[in-house]
Amino acid sequence: MAEKQTAGRDKLGEFAPKFAELNDDVLFGEVWSREEELSPRDRSMITVAALISGGNFEQLTPHLHKAQANGITQEEIAEIITHLSFYAGWPKAWSSFNIAKEIYKE
């Protein structure tokens, strides 16, 4: 069973309770739990690619931790970012590498 997500409530529960509920219960509680449709590893790969492409680096850090926990190796994340650099942009890839290096050295 997947770990219950509480980041929404922990960080935004008092300020934006509905958003926190949707984050924790719908996105992570319902969508991420649909493992017959996509594995957590595949969801992590897709999510990381989307965050890099959008330049959403604040959200990239926790999702890279999740990707690592879901089995994406350092070599694979380096290849994902390298591949994305040609589609999402060189500066986004460069920024992503700096974040990934910190996470994968742990």
Side-chain angles (χ1 to χ4, degrees):
M1 177 153 183
E3 183 179 322
K4 173 100 171 107
Q5 177 64 253
T6 62
R9 286 182 177 86
D10 294 346
K11 295 180 186 227
L12 294 172
E14 289 183 31
F15 188 79
K18 186 61 178 180
F19 184 87
E21 174 191 341
L22 293 169
N23 182 80
D24 295 352
D25 299 344
V26 178
L27 175 59
F28 288 99
E30 293 178 25
V31 175
W32 272 84
S33 68
R34 294 166 40 95
E35 294 183 18
E36 288 184 25
E37 291 76 11
L38 281 175
S39 70
R41 186 178 190 284
D42 290 347
R43 286 189 194 278
S44 282
M45 206 175 299
I46 293 164
T47 302
V48 165
L51 292 173
I52 292 169
S53 296
N56 300 307
F57 301 116
E58 184 177 345
Q59 291 78 30
L60 183 58
T61 297
H63 278 284
L64 281 174
H65 281 291
K66 190 170 188 71
Q68 186 179 42
N70 286 335
I72 296 176
T73 67
Q74 177 180 323
E75 293 76 18
E76 289 171 321
I77 203 65
E79 187 61 25
I80 289 166
I81 297 170
T82 299
H83 186 78
L84 283 171
S85 69
F86 291 95
Y87 296 93
W90 208 258
K92 289 177 184 174
W94 195 267
S95 296
S96 300
F97 274 123
N98 287 329
I99 296 168
K101 278 176 44 181
E102 289 300 310
I103 291 165
Y104 279 85
K105 79 176 182 184
E106 297 172 359

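We're numbering straight along the sequence, starting at 1.
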Subject >> Shared hydrophobic cluster, Phe57 / Ile81 (ILVMFWY, side-chain heavy atoms < 4.5 Å) >> reply: yes
Original post:
Would you say Tyr104 and Leu51 are hydrophobically clustered, going by side-chain heavy atoms of ILVMFWY under 4.5 Å?
Top reply: yes
Original post:
Is a side-chain donor or acceptor of Lys92 paired with a backbone partner of Ile52 at a separation under 3.5 angstrom?
Top reply: no
Subject >> Donor-acceptor contact below 3.5 Å, side chain Ser33 vs main chain Glu30 >> reply: yes
Original post:
In Å and rounded to the nearest 0.5 Å, what is the CD to CG distance from Glu102 to Leu64?
Top reply: 11.5 Å
Subject >> Pair Arg34-Arg43, side-chain contact (heavy atoms from CB on, under 4.5 Å): steps then yes or no >> reply: CA-CA 10 Å; Arg34 294 166 40 95; Arg43 286 189 194 278; 3.3 Å; yes
Original post:
Under a 4.5 Å cut-off applied to non-hydrogen side-chain atoms, are Leu22 and Leu27 in contact?
Top reply: no
**OP:** Look up atom OG in Ser95 and atom CG in Leu60, then write down how far apart they are to the nearest 0.5 Å.
**Re:** 9.5 Å
Original post:
For Leu84 and Ala49, which heavy atoms make the closest approach, and how far apart are they?
Top reply: CD1-CA, 3.6 Å
Subject >> Donor-acceptor contact below 3.5 Å, side chain Ser85 vs main chain Thr82 >> reply: yes
Subject >> Atom of Ala100, atom of Ile77 and distance for their closest heavy-atom approach >> reply: CB-CG2, 4.4 Å
Original post:
If you measure from CD on Gln74 to CD1 on Ile103, what distance do you get to the nearest 0.5 Å?
Top reply: 11.5 Å
Original post:
In terms of side-chain geometry, is the basic nitrogen of Arg9 or Asp25 positioned less than 4.0 Å from the acidic oxygen of its partner?
Top reply: yes
Original post:
Aromatic rings His83 and Tyr87: how do their planes relate, parallel, tilted or perpendicular, breaks at 30° and 60°?
Top reply: tilted
**OP:** Output the distance between atom CD1 (Ile72) and atom NZ (Lys66), rounded to the nearest 0.5 Å.
**Re:** 11.0 Å
Subject >> OG1 on Thr73 to CD on Glu79, rounded to 0.5 Å >> reply: 10.0 Å
Subject >> Neighbour count >12 (heavy atoms, 6.0 Å) for atom CD, Glu37 >> reply: yes
Original post:
Could you state the interatomic distance from CZ (Phe19) to CG (Asp24), rounded to the nearest 0.5 Å?
Top reply: 9.5 Å
**OP:** Check whether any side-chain heavy atom of Leu12 lies under 4.5 Å from a side-chain heavy atom of Asn23, and answer yes or no.
**Re:** no
**OP:** Treating Ile, Leu, Val, Met, Phe, Trp and Tyr as nodes and any side-chain heavy-atom pair under 4.5 angstrom as an edge, say whether Phe28 and Val48 lie in one connected cluster.
**Re:** no
Original post:
More than 12 heavy atoms of other residues, nucleotides or ligands under 6.0 Å from CD of Glu75: is that the case?
Top reply: yes
